[in-house]
Amino acid sequence: MTRVFVSRDIASVALGADAVAEALAAAGAEVVRTGSHGLFRIEPLVEVETTDGRIGYGPVAPGEAAAVLGGTHPNRLGRIADLPFFASQQRFTFARCGLIDPLDLDDYAAHGGWKGLDAARALAPSDVVARIKESGLRGRGGAGFPTGIKWQTVLDAAGPEKFIVCNADEGDSGTFADRMLMEGDPFCLIEGMAIAAYAVGARHGYVYIRSEYPFAVATMRAAIERATLEIAPLTLEVRVGAGAYVCGEETALLDSIEGKRGQVRAKPPLPAISGLFGKPTVINNVLSLAAVPFILANGPEVYAAVGFGRSRGTMPVQLAGNVRNGGLFEVGFGITLGELVNEIGGGTESGRPVRAVQVGGPLGAYFPPSMFHLPFDYEAFAAAGGLIGHAGITVFDDSVDMARMARFAMEFCAVESCGKCTPCRIGSIRGVETVDRIIAGQDVEAEIEILRDLCDTMKYGSLCALGGFTPYPVLSALDHFPEDFGGAPVALAAE
């Protein structure tokens, strides 16, 4: 019986992977469901096990099962790892995605699973924390805070009870790395949480997932149940959020887990000192925790050897929007924005010129092609008035209206604000009104001055990053695309 592999990642399912899998099974094949490799243009992807390895075909329609099994399908791709999109990646975190059955413990172990946890348990907790520090791992949720320092704070905190919390509230538009990891390699996240718990002395943890990810929720719950013995004495449970964007902020997330309305807490105290239920709490993003098993299994020096400046290791970049090669591309920090958009992403799907890319979700800055020389690095982006955030890149062609994109940022903030602080709650509403007057051509210069002043108030006066980062897309649109606001175009030489 021929063995074939078909993704059950929800993006693949949306493109028809379930129907393809059913057709292959009906044709007599043994079907193994995996996660996605991460290039959605070739989904539904079918890999056929042969004596020469797994040979890929994609995209495949349900009526083409016989052609795939017979080796005559026209969309023969060969070995997936040899495709240019994958051959140039550095897959530390996503090495198993697309290869294994996500809920098969034996498959996970056969591909290097649990080696990091075994290595951690052979060390003292303080030595585990030291290795995370040595690796240079920083928070992958957006802030870029050193993970090892956060763990050290919780390790040193007094108290008999501590918690591990995974922030899987992936709310940024154009991002899907957390979802792909949880659906394609959930044991990797569980192993990372178990290592963190051992390092700081925690016995219970939560994975907080937004309700828009029902398949990720179901997959994580099943994986936790199956991994109970491997991670003992740690116990884990999934908590499902109601979809509030602000719950991606760590303190609002903690309130939500406690059963309260998700609102931002003033800091200090930091969650590492007084977090969930007032106890010392490690709260990290999915990608931060999922990087930990690799570091412990292979050594912090291997991880730290990759990267750029203070940004060490790899980042799973997510390419979305008007881009030909939409998908996940894991690579070491330092690759330029232009390489990611034009070479890896293949430019726009529409075939029109790229006009702008937004990096870091709906609160990220817009960059024109003249800034495509920027290296993908926390400090480089901050110096250019932007942020990497969760590493989502959304591409726009030359048909985009940047004034309306600035308006969208303010409107998004107004809708998603938790309402606790005035600059965010009221400032975003006033921002929408101000941009509307600019678009209508009413006293444009004066209104732009008001808009800039409003952005300063929100940036420096908001309690959290929702209001504080909303000015990034607005100000970058004003600075780089003034012609869309009734101003004169600014000549920016390409580099």
Side-chain angles (χ1 to χ4, degrees), residues 136 138-146 172-175 307-321 323 329 331-345 347 353-398 400 402-403 405-406 408-410 413 448 451-452 455-456 458-460 462 465-485 487 489-495:
R138 297 168 70 177
R140 296 295 191 253
F145 188 82
D172 284 351
S173 51
T175 59
F308 180 89
R310 290 180 51 221
S311 303
R312 311 313 305 169
T314 62
M315 187 67 172
V317 179
Q318 298 125 91
L319 298 166
V323 64
F329 188 88
V331 68
F333 286 98
I335 188 172
T336 67
L337 185 56
E339 289 177 292
L340 286 168
V341 174
N342 293 321
E343 296 179 22
I344 307 303
V354 175
R355 188 176 187 217
V357 297
Q358 186 176 32
V359 183
L363 307 183
Y366 291 100
F367 293 105
S370 59
M371 299 182 71
F372 278 9
H373 62 283
L374 279 175
F376 213 69
D377 162 64
Y378 289 106
E379 281 66 42
F381 269 64
L387 55 112
I388 285 179
H390 196 46
I393 298 179
T394 304
V395 181
F396 301 86
D397 70 14
D398 61 355
V400 67
M402 296 308 298
M405 298 311 298
F408 169 77
M410 285 293 188
C413 182
I448 287 177
L451 184 60
R452 288 186 179 277
C455 283
D456 281 344
M458 294 179 67
K459 183 175 181 179
Y460 298 109
S462 296
L466 176 53
F469 283 175
T470 295
Y472 280 78
V474 178
L475 292 174
S476 60
L478 277 168
D479 291 340
H480 302 307
F481 308 95
E483 61 273 22
D484 286 14
F485 296 83
V490 176
L492 295 170
E495 295 188 33

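The residues of the chain are indexed from 1 along the displayed sequence.
- Taking 4.5 Å as the limit, some side-chain heavy atom of Leu466 sits within range of a side-chain heavy atom of Leu363.
- Not a single donor-acceptor pair under 3.5 Å links the side chain of Gln358 to the backbone N or O of Phe396.
- One distance of note links CZ of Phe485 with CG of Asp479; it measures 9.5 Å at 0.5 Å rounding.
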Would you please test Met315 and Asp377 for side chain to side chain contact (heavy atoms under 4.5 Å, CB included) and show each step?
-> CA-CA 10 Å; Met315 187 67 172; Asp377 162 64; over 6 Å; no

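- The nearest pair of heavy atoms linking Cys413 to Gly467 is SG-CA, 4.1 Å.
- In plain terms, the two heavy atoms of His480 and Tyr366 that are nearest each other are CD2-O, 3.3 Å.
- A donor-acceptor contact shorter than 3.5 Å is absent between the side chain of Asp172 and the backbone of Thr175.
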Stepwise, does the side chain to side chain contact (heavy atoms under 4.5 Å, CB included) test hold for Met405 with Asp484?
-> CA-CA 10 Å; Met405 298 311 298; Asp484 286 14; over 6 Å; no

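- Distance check: Lys459 NZ to Phe469 CZ gives 9.0 Å after rounding to the nearest 0.5 Å.
- The two residues Pro473 and Gly364 come nearest to each other via the heavy atoms CB-O, 3.3 Å.
- Once rounded to the nearest 0.5 Å, the distance linking OH of Tyr472 with SG of Cys455 reads 11.5 Å.
- Between Leu387 and Phe381 the shortest side-chain heavy-atom distance does not fall below 4.5 Å.
- Taking all atoms of both residues into account, the shortest heavy-atom contact from Phe376 to Leu340 is CD1-CD1, 3.8 Å.
- Side chain of His390 to backbone of Arg140: a donor-acceptor contact under 3.5 angstrom is found.
- Closest approach of Phe308 and Gly334 over heavy atoms only: CB-CA, 3.5 Å.
- The structure places CD1 of Ile335 at 12.0 Å from OG1 of Thr314, a figure rounded to the nearest 0.5 Å.
- Under the 3.5 Å distance criterion, the side-chain polar atoms of Glu339 are left unmatched by any main-chain donor or acceptor of Asn342.
- In plain terms, the two heavy atoms of Arg312 and Gly307 that are nearest each other are NH1-C, 3.5 Å.
- The backbone N or O of Val400 lies less than 3.5 Å from a partner atom in the side chain of Arg355, making a donor-acceptor pair.
- Using a 4.5 Å heavy-atom cutoff, the side chains of Leu337 and Ile393 are in contact.
- A distance-only check finds a donor-acceptor pair linking the side chain of Ser311 to the backbone of Tyr378 [under 3.5 Å].
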